[in-house]
Amino acid sequence: MRTNRILLSLAMAAFLLLAVTPGVAQGPYYAVGSVSVDMTTVAAGVGASWGSGVLRFQGQRHLFKIDGLSVGNVGVSSISAVGNVYNMTSLSQFAGNYAAIGAGVTLAGGMAGLRMQNQSGVIINLYAVQQGVQLNIGPQGFTISGVK
């Protein structure tokens with residue numbers, strides 16, 4: 001009887017977890033572009049981050065600004081990151097607020113990265129260029145603006 005209750009409780013917990021977890025579209029995405037980002041972070045527990053990047057899309061380079069990506073919790077840090085862009089058909093879809101989806105990205109050699117998505121459905125897999133640097137984001141993710 002007690003075992004049945006435990007199993008029923010676990011099944012209910014799993015069902016509720018699946019019901020309240022936001023869905024992420026799973027599909028055969030193909031890279032349509034690439035990005036490179038240079039960021040500076042000033043932090044003492046809670047920090048400010050800013051930087052710039054280059055989007056390579058449809059044979060052209062587009063500059064953009066990025067805010068909110070964090071590399072550490074204390075001190076001043078600089079980081080370079082690169083990544084691929086997915087699920088984008090026009091440049092106007094690139095700017096916006098990006099939030100983490102999934103549990104992250106593991107790349108060749110065990111490098112960890114971030115999988116981010118904006119309100120237009122654009123996905124960026126982003127990873128640090130430097131060995132041993134862990135990318136982190138704040139609760140808001142990051143914002144890309146000023147795409148030229």
Side-chain angles (χ1 to χ4, degrees), residues 9-148:
S9 296
L10 289 173
M12 291 290 287
F15 174 76
L16 289 174
L17 181 62
L18 289 173
V20 298
T21 302
V24 175
Q26 300 293 324
Y29 293 116
Y30 304 98
V32 295
S34 63
V35 293
S36 58
V37 176
D38 292 311
M39 294 287 299
T40 301
T41 300
V42 178
V46 175
S49 302
W50 63 92
S52 61
V54 177
L55 166 68
R56 288 167 187 80
F57 178 65
Q58 295 180 340
Q60 296 184 356
R61 290 171 34 108
H62 304 278
L63 303 177
F64 62 89
K65 297 178 188 176
I66 185 168
D67 296 298
L69 185 68
S70 156
V71 234
N73 293 331
V74 178
V76 177
S77 303
S78 293
I79 190 169
S80 294
V82 295
N84 290 316
V85 179
Y86 303 86
N87 203 31
M88 185 171 81
T89 56
S90 74
L91 184 61
S92 64
Q93 296 174 301
F94 185 66
N97 298 316
Y98 285 79
I101 59 173
V105 178
T106 303
L107 303 163
M111 293 181 77
L114 297 172
R115 178 172 289 183
M116 308 296 290
Q117 183 173 7
N118 74 2
Q119 68 278 4
S120 298
V122 176
I123 296 171
I124 299 176
N125 287 350
L126 192 64
Y127 60 96
V129 174
Q130 296 97 332
Q131 284 283 1
V133 174
Q134 181 71 31
L135 290 174
N136 298 309
I137 59 166
Q140 295 81 24
F142 59 81
T143 301
I144 290 178
S145 61
V147 181
K148 299 178 190 174

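One is the number of the first residue; the rest follow in order along the sequence. Bear in mind the structure is a predicted one, so any value in this text is a computation, not a measurement.
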Discussion item. I'd like to know if the side chain of Ser145 pairs up with that of Thr143 as donor and acceptor (distance under 3.5 Å, no hydrogens or angles considered).
Written reply: no
Practice prompt. Under the side-chain contact (heavy atoms from CB on, under 4.5 Å) rule, collect the residues that match up with Val54, sequence neighbours excluded.
Written response: Ser36, Arg56, Arg61, Leu63
Worksheet item: For the residue pair Ile66 and Ser52, what are the closest heavy atoms and their distance?
Response: CG2-N, 3.9 Å
Worksheet item: With a 4.5 Å limit on heavy-atom distance, are the side chains of Met116 and Ile144 in contact?
Response: no
Worksheet item: To the nearest 0.5 Å, what is the distance between OH (Tyr98) and CG (Asn118)?
Response: 4.0 Å
Worksheet item: Under 4.5 Å between any side-chain heavy atoms of Phe57 and Val85, yes or no?
Response: no
Item to complete: Heavy atoms only: give me the nearest Ala95-Val147 pair and the separation to one decimal.
Response: CB-CG2, 4.0 Å
Practice prompt. Name all residues meeting the side-chain contact (heavy atoms from CB on, under 4.5 Å) criterion together with Asn87; count only those two or more places apart in sequence or in a different chain, and write none if there are none.
Written response: Tyr29
Worksheet item: How close do Tyr86 and Asn125 get, heavy atom to heavy atom, and via which atoms?
Response: CE1-ND2, 3.5 Å
Worksheet item: Are side-chain heavy atoms of Val35 and Phe94 found at a separation under 4.5 Å?
Response: yes
Worksheet, complete the sentence: On a heavy-atom basis, the closest approach of Ser34 and Asn84 is CB-OD1, 4.0 Å
Worksheet item: How many angstroms lie between CZ in Arg115 and CG in Leu126, if you round to the nearest 0.5 Å?
Response: 12.0 Å
Item to complete: Working to the nearest 0.5 Å, report the span between OH of Tyr127 and CG of Leu114.
Response: 12.5 Å
Discussion item. I'd like to check the side-chain hydrogen bond (donor to acceptor under 3.5 Å, both in side chains) partners of Thr89; sequence neighbours left out, ordered by chain and number.
Written reply: Gln93
Response to the item:
Between the CG atom in Leu91 and the NZ atom in Lys148, the distance rounded to the nearest 0.5 Å is 12.5 Å
